[in-house]
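Before any comments, here is the structure.
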Amino acid sequence: MSRLPAAWRACVGTGRMELALRRDYQDSLALIQREIGFRHIRGHGLFSDGMGIHRPFTHLGEEHVRHSFTYLDQVVDAYLALGIRPFLELGFMPGGLASGDRTVFWWKGNITPPRSWSAWADLVRDTVTHLISRYGLAEVRQWPIEVWNEPNLTQFWLDADAEVYHRLYEITAATIKDVDAELQVGGPAISPGSDKWLETFAEFVVSRDVPIDFVSRHAYTSGPARHVPFGTHQTLAPASRLLEQFALPRHQLAGTPLAGLPVHITEFNSSYRPDNPIHDTAFHAAYLAPVVASGGDHADSFAYWTFSDMFEEEGIPVALFHGGFGLLTHRQIKKPTFHLYAFLARMADEILSRGPHHLMTTDATGRVTVLAWAPVDHVDLRNSPSSQALRLSAPMTGTSAFLMRSSVDEERGNAWAAWREMGRPRSPLPRQLDALREAAEPVRGHRALPVVDGHVDIELTLSRHEVTLLEITPVTDETPSWWDDANLLEASS
């Protein structure tokens, strides 16, 4: 048996960093950590003006800069208190250091290079040094540091200029290693569609002996966007394309000096839009199930983008359900894809078998867990099969086993469906929120299974877009010899 890789929970994405100062954000992250337990969290905006780190000022006619870490300390303190570590992304450019005024997103992250490379190096050095001083070198060595975000796109890096990005990376990596040689630095955090960027980047760092501890990229499967007011519709490629993108860096770097470096997929999802309603559906959980179940075969981490709908790149959401990236809506309503992750968090860690629609695991106690999912039609949701039969056999000790089944599908564990039936209230009342939270919970069922010749046979029928978790444990019968449930109403003689 092989061990189930932990890559699926190694990292998760978030909206820009200062959102972590809000109560709803921290409540949502606390819920995520209780039921799933991610190891690292990555988001944009560490150096953007909203975090207030780069503070230029004038005194006695001379220009100075103070690096202030008031918000950064609060954000990192909150992360660590919830058992999650930062995966630091260095960006975007502080307004007082930027060489231009080009920005991205509603909150205006500056995408231009620094007007002073030495001042950028000072910013990086002071930030890393401060973090080490506050949290300790041994702790910060466990935080990967990624240089920028999607520099292969003009939306995120001025003119998508690879040569200037290479300079940014070289100066940043050298500065980080000058602070401590064992800090982890990497990149280039490219988006899909410009795959030669990684090869060019690899050639650059090798030719100049630039430090690099990991490589990173992103993965999405959606096509061009068709915009409607406050929403987006897109086609999707098969989910297998995500796994192909996860595997691409190792393929591209094979035979190079960078072969063998850890590969981090620091963003992945179906759609790259934070207003695509596909994210809220049961289809989405079933679509991503084979990716989450086997992505660790191709990458050292793959970060779902994002844990919460508290995310403002396209502005403040106009409704509770709005197609946001999150596993949770605002106010902690669980989406079906949340349960995909929560189910996986409850699974054992030794792989027994895999198939096109299941993953079976066990542990030292003999407990067996099965994650199963229905097939989907990625072109037209209405054409997904209405039911799917699945037959499995699992090793089991004793003569009887206890089966607990938890399921989400088009009707069960599906708050989005309940919200639509409510009339899509944009600002649900407290009683409606309570109803949605109840509707969001998986349906549970249980039964006894006979153990025959050291195995239990399992027959499942999966409904449309269902994701289900089976937890099977051997039974030790402790029923007293005098007990008979058939006599519960029997009178004494």
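Count residues from 1 along the sequence.
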Donor-acceptor contact below 3.5 Å, side chain Asp159 vs main chain Asp161: no

Heavy-atom side-chain proximity of Arg354 to Asp297 below 4.5 angstrom: yes

Euclidean distance, Leu436 CG relative to Lys334 NZ, rounded to 0.5 Å: 13.5 Å

Nearest heavy atoms of Trp373 and Gly355, plus distance in Å: CZ2-O, 4.2 Å

Any residue meeting side-chain hydrogen bond (donor to acceptor under 3.5 Å, both in side chains) with Arg346, in chain and number order, not counting sequence neighbours: Glu471

Main-chain N/O of Pro249 paired with His298 side-chain donor or acceptor, under 3.5 Å: no

CA sep, side-chain torsions, deciding dist, call: Trp117, Leu168, side-chain contact (heavy atoms from CB on, under 4.5 Å): CA-CA 8 Å; Trp117 291 104; Leu168 178 82; 3.7 Å; yes

Polar side chain donor-acceptor pair, Thr369 to Thr361, under 3.5 angstrom: yes

Euclidean distance, Leu327 CG relative to Phe307 CZ, rounded to 0.5 Å: 9.0 Å

No-hydrogen, no-angle side-chain donor-acceptor test under 3.5 Å, Asn110 and Ser48: no

Output field: ring centroids Phe268/Tyr304 closer than 6.0 Å: yes

Exercise: identify the closest heavy-atom pair between Phe302 and Gly295: CE2-C, 3.4 Å

Non-hydrogen atoms of Pro94 and Leu123 that approach each other most closely: CG-CD2, 3.8 Å

Polar side-chain atom of Glu314 near backbone of Asp275 as donor-acceptor pair, under 3.5 Å: no

Approximate separation, where rounding is to 0.5 Å, of Glu18 CD and Leu72 CG: 11.5 Å

Glu267 and Tyr220: side chain donor to acceptor below 3.5 Å: yes

Euclidean distance, His330 NE2 relative to Asp24 CG, rounded to 0.5 Å: 6.5 Å

Backbone of Gly100 reached by a side-chain donor or acceptor of Thr112 within 3.5 Å: yes

Student check: side-chain heavy atoms of Val376 and Leu381 closer than 4.5 Å: no

Any side-chain heavy-atom pair of Ile265 and Arg217 under 4.5 Å: yes

Distance-only polar pair, side chains of Thr281 and His465, donor-acceptor under 3.5 Å: no

Between CG on residue Leu261 and CG on residue Asp213, distance to nearest 0.5 Å: 7.5 Å

Expected output: side-chain Arg250 to main-chain Val263 donor-acceptor under 3.5 Å: no

Asp280/His322 under side-chain hydrogen bond (donor to acceptor under 3.5 Å, both in side chains): CA gap, chis, key distance, verdict: CA-CA 8 Å; Asp280 300 334; His322 57 274; over 6 Å; no

Please report, to 0.1 Å, the donor-acceptor pairs under 3.5 Å made by any side chain of residues 50-57, with sequence neighbours excluded.
none

salt_bridge(Arg331, Asp27) N-O dist < 4.0 Å: no

Donor on one side chain, acceptor on other, Tyr272 and Ser191, under 3.5 Å: no

Set of side-chain contact (heavy atoms from CB on, under 4.5 Å) partners for Thr365, sequence neighbours left out: Asp363, Arg367

Residues Arg134, Asp77; criterion side-chain contact (heavy atoms from CB on, under 4.5 Å); working and verdict: CA-CA 10 Å; Arg134 184 174 178 86; Asp77 286 355; 2.7 Å; yes

Gln26 side-chain N/O to Ala20 backbone N/O, donor-acceptor pair under 3.5 Å: yes

Verdict with reasoning, Ile333 to Trp416, per side-chain contact (heavy atoms from CB on, under 4.5 Å): CA-CA 9 Å; Ile333 308 296; Trp416 183 68; over 6 Å; no

Atom of Pro192, atom of Gln245 and distance for their closest heavy-atom approach: CG-OE1, 3.1 Å

SB check Arg167 Glu170 (cutoff 4.0 Å): no

Sidechain-backbone polar pair: Thr468 side chain, Ser406 backbone, donor-acceptor under 3.5 Å: yes

Within 6.0 angstrom of His64 NE2, more than 12 heavy atoms from elsewhere: yes

Over all atoms of both residues, closest heavy-atom pair of Phe38 and Ile32: CD1-CG2, 3.5 Å

Heavy-atom donor-acceptor pair, Trp305 side chain to Gly326 backbone, under 3.5 Å: no

Spatial distance of atom OG (Ser222) from atom CZ (Arg273) [nearest 0.5 Å]: 9.5 Å

Arg85 vs Glu139, salt bridge (Lys or Arg N to Asp or Glu O under 4.0 Å): CA-CA, chis, key distance, verdict: CA-CA 9 Å; Arg85 292 184 164 103; Glu139 174 65 33; 2.6 Å; yes

Derivation of the side-chain contact (heavy atoms from CB on, under 4.5 Å) call for Leu340 and Leu288: CA-CA 8 Å; Leu340 168 63; Leu288 290 182; 4.1 Å; yes

Residue list, side-chain contact (heavy atoms from CB on, under 4.5 Å) with Ala173, at least two apart or on another chain: Tyr169, Val185, Val210, Pro211

Centroid separation Trp107 to Phe311 less than 6.0 Å: no

Exercise: do Thr127 and His67 side chains pair donor with acceptor under 3.5 Å: no

Short side-chain donor-acceptor distance under 3.5 Å, Asn149 and Arg42: yes

Polar side-chain atom of Ser99 near backbone of Pro113 as donor-acceptor pair, under 3.5 Å: yes

Donor-acceptor pair between Glu146 and Ser216 side chains, under 3.5 angstrom: yes

Distance-only donor-acceptor check, side chains Ser271 and Gln234, under 3.5 Å: yes

Atom pairs and distances, donor-acceptor, side-chain atoms in residues 224-231, under 3.5 Å, two or more places apart:
none

Residue pair Arg22, Glu312: steps toward the salt bridge (Lys or Arg N to Asp or Glu O under 4.0 Å) verdict: CA-CA 13 Å; Arg22 299 185 188 176; Glu312 299 172 349; 2.9 Å; yes

Qualifying ring-ring contact (aromatic ring centres under 6.0 Å, His included) pairs with a residue from residues 135-162, counting only residues at least two apart or across chains: Phe92-Trp148, Phe105-Phe156, Tyr135-Trp143, Trp148-Trp157

Lys335 side chain vs Thr329 backbone, donor-acceptor pair below 3.5 Å: no

Glu350 and Thr362: side chain donor to acceptor below 3.5 Å: no

Pair His264 and Phe87, ring centroids less than 6.0 Å apart: yes

Parallel, tilted or perpendicular: ring planes of His284 versus His279, cut at 30 and 60 degrees: perpendicular

